[in-house]
Number of protein chains: 2
Amino acid sequence: MATGSGGGDDPFLGYVLDEQVGFLLRKAYQRHMTIFARSTIGGLTPTQFSTLFRLFAEPGPISQNALGRLVAMDAATTKGVISRLENQGLLTTQKDPNDKRRYLLQSTEKGRALIRDAIPVVKGITEATLEPLTKAERETFLRLLAKLC
Amino acid sequence: MATGSGGGDDPFLGYVLDEQVGFLLRKAYQRHMTIFARSTIGGLTPTQFSTLFRLFAEPGPISQNALGRLVAMDAATTKGVISRLENQGLLTTQKDPNDKRRYLLQSTEKGRALIRDAIPVVKGITEATLEPLTKAERETFLRLLAKLC
DNA sequence: CGAGAATTGTTTGTGTACAAGTGAATTTTT
DNA sequence: AAAAATTCACTTGTACACAAACAATTCTCG
């Protein structure tokens, strides 16, 4: 006698795509990016905002690759992100006199002003992303999520 | 009396990048992709695997866009993923006689064999991704994560 | 000091991901 | 049945993300 829609053994071997971490992480991040894109912070993407914020938070100048690592980007990705931020006049690059391989990055006043204005907006984005969870659930979720990084 | 490293008001207005959902989701998914890439399932990416698995799980033929929606991809992304799977001989496309706009997709025996072989591997990938969490934490995390999709 | 190792920034190529627009075909509405 | 709206597949352009390779520079260690 056939079982359910297939018959015999479970052809999917108990694998349910919609319950897999990877699939859910991808969908959750997609949803977050959609929320982010709706809010337009001077047209910045999540990655661009994170990068500019990290630079903003740095006490002094920092090299390109070093900044990229602080935002979890590889060197190739960093190159593109920095170029786009520089083209928008949000940061400046200058040769490091002490290490001729390096470019030192610094946020411009325009960049810093954008970050300051953006803080309340990105707080709202975080709130909107976590909206389906209760306050207690949010704490739990963020604590566990941080363990998976 | 100065507070912390700066003095006076908090210049970051209480915004800590490493505690934001978006930033953590991005990093967690990056980590998952790294684990996935290490395991090589016939060279498939997470998205390609999800797409082929969904097609595998479909009872009959399905159109390209419809399959894409089941995997949370837009039409443009779907086009590229399907092309690559087709080039590898993992699925076939044929014109729908009843709707001349549509291409009907079907997994090939090669595609189905790949999925069957891959199931234990992707189960290991899920396990490795969730490894930092206890069994109870995993259930909680997946339940909350699903709410954010 | 000098050879090998490591780091910095860059480029190229591949693979998602989305926006915006196209033309063909189908469905819905009137 | 004709008009309007929708759907399907596709294309172009932009933006991450990683692998792999490269030259220039700096560091390390014998």
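Here is the naming used below: chain letters follow the sequence lines, and residue numbers restart at 1 for every chain.
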Go through residues 22-38 of chain A and report each residue with a non-hydrogen atom lying under 4.0 Å from DNA chain C, sorted by number.
A/R26, A/Q30
Mind grabbing the angle between the end helix axes of the helix from C/dC1-D/dG30 to C/dT30-D/dA1? Five pairs an end, 10° rounding.
30°
Could you name each residue pair satisfying salt bridge (charged side-chain N to carboxylate O under 4.0 Å, His left out) that touches residues 117-126 of chain A, not counting sequence neighbours?
none
Leading and trailing nucleotides of DNA chain D with any atom under 4.0 Å from heavy atoms of chain B:
D/dT7 to D/dC18
Would you say the side chains of A/Q64 and A/T78 form a donor-acceptor pair under 3.5 Å?
no
Covered region of DNA chain C, 5' end to 3' end, by chain A [heavy atoms, under 4.0 Å]
C/dT7 to C/dC18
Run the side-chain hydrogen bond (donor to acceptor under 3.5 Å, both in side chains) test against B/R69 and tell me which residues pass, sequence neighbours left out.
none
Distance from A/T129 atom OG1 to A/H32 atom NE2, nearest 0.5 Å?
4.0 Å
Atom of B/Y15, atom of A/I119 and distance for their closest heavy-atom approach:
CB-CD1, 4.0 Å
Within residues 58-67 of chain B, the residues having a heavy atom closer than 4.0 Å to DNA chain D are B/S63, B/Q64, B/N65
Which sits closer to the 5' end of DNA chain D, A/Q88 or A/P97, going by the nucleotide each is nearest to?
A/Q88
Output the distance between atom CG (B/L17) and atom CZ (A/F53), rounded to the nearest 0.5 Å.
6.0 Å
Inter-residue atom distance A/D96.CG - A/L104.CG, 0.5 Å rounding
4.0 Å
Kindly write out the residues that satisfy side-chain hydrogen bond (donor to acceptor under 3.5 Å, both in side chains) with A/T45, not counting sequence neighbours, or none if the list is empty.
none
Would you give the length of the straight line joining atom SG of A/C149 to atom CD of B/Q30, rounded to the nearest 0.5 angstrom?
9.0 Å
Looking at CD1 of A/I41 and CD1 of A/I115, how far apart are the two atoms once the value is rounded to the nearest 0.5 Å?
8.0 Å
Below 4.0 angstrom, which residues in residues 68-85 of chain A have at least one non-hydrogen atom near DNA chain C?
A/R69, A/A75, A/A76, A/K79
Of all residues at least two apart in sequence or in a different chain, which pass the side-chain contact (heavy atoms from CB on, under 4.5 Å) check with B/A75?
B/N65
As an exercise, state the distance from OG of A/S107 to CG of A/L114, rounded to the nearest 0.5 Å.
10.5 Å
5'-most contact on DNA chain D (nearest-nucleotide basis), A/T47 vs A/K100, goes to A/T47
Could you check whether B/T93 and B/E86, counting side-chain N and O atoms only, form a donor-acceptor pair closer than 3.5 Å?
yes
For A/R26 and B/M73, the nearest pair of non-hydrogen atoms, with its separation, is NH2-CG, 3.3 Å
Any side-chain to backbone donor/acceptor pair from B/T108 onto B/G111? Under 3.5 Å, distance only.
yes
Co-members of B/L142 in a cluster of I, L, V, M, F, W and Y side chains, linked at under 4.5 Å:
A/V21, A/L24, A/L25, A/Y29, A/M33, A/L130, A/L133, A/F141, A/L142, A/L144, A/L145, A/L148, B/V21, B/L24, B/L25, B/Y29, B/M33, B/L130, B/L133, B/F141, B/L144, B/L145, B/L148
Mind checking what makes ring-ring contact (aromatic ring centres under 6.0 Å, His included) contact with A/Y103, not counting sequence neighbours?
none
